[in-house]
Amino acid sequence: MAHPGTSRRDDLIGDFIAAGMRAIEVYHPKHTEGDIRRYERLALKLGLVATGGSDSHGRRDGTLTLGACTVPLSTVEKLKAARDY
């Protein structure tokens, strides 16, 4: 689930898990520290991989945001372990 702290649709998380969701974006430039803590706890509780990124789709003003948000190395390792072959 991409940037749940901005969509504010936590009510959909259960449905997404039932449909096969295995990760949730915890680390995002627009997430507050409170959002990050909340979704870290939620990911742990629900057995989801906590992902993140800069969400760089490009900006109209030309500002680059790629790499503005990073994730712990443990997240990369969990994603590698969770991928389907």
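What you are looking at is a predicted structure, and each value in this text was computed from that prediction instead of being measured.
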Give the intermediate values and the outcome of side chain to side chain contact (heavy atoms under 4.5 Å, CB included) for residues Ile17 and Leu48.
-> CA-CA 9 Å; Ile17 291 171; Leu48 299 171; 4.1 Å; yes
Could you give me the CA-CA distance, side-chain angles and deciding distance for His3 and Lys30, then say whether side chain to side chain contact (heavy atoms under 4.5 Å, CB included) is met?
-> CA-CA 8 Å; His3 40 77; Lys30 291 185 179 177; over 6 Å; no
Start with the C-alpha distance between Val26 and Arg38, add both sets of side-chain angles, then the distance that settles side chain to side chain contact (heavy atoms under 4.5 Å, CB included), and finish with yes or no.
-> CA-CA 8 Å; Val26 171; Arg38 172 181 166 66; over 6 Å; no
Atom of Asp35, atom of Arg8 and distance for their closest heavy-atom approach = OD1-NH1, 3.2 Å
Go through the steps for Val49 and Met21 under the test side chain to side chain contact (heavy atoms under 4.5 Å, CB included), then give the verdict.
-> CA-CA 10 Å; Val49 176; Met21 180 176 83; over 6 Å; no
Close side-chain approach of Glu25 to Pro4, heavy-atom, < 4.5 Å | yes
Under 3.5 Å: donor-acceptor pair, side chain of His31, backbone of Gly5 = yes
Flag, side chain of Thr51 to backbone of Ile24, donor-acceptor distance under 3.5 Å | yes
Considering residues at least two apart in sequence or located in another chain, which fulfil the side chain to side chain donor-acceptor pair (under 3.5 Å) criterion with Asp15?
-> none
Rounded to the nearest 0.5 Å, how far does CE of Met1 lie from CG of Leu12?
-> 5.5 Å
Considering only distance and modelled atom types, tabulate donor-acceptor pairs under 3.5 Å from the side chains of residues 39-46, sequence neighbours left out.
from  : atom 1 : to    : atom 2 : distance (Å)
Tyr39 : OH     : Asp10 : OD1    : 2.6
Tyr39 : OH     : Asp10 : OD2    : 3.1
Glu40 : OE2    : Tyr27 : OH     : 2.9

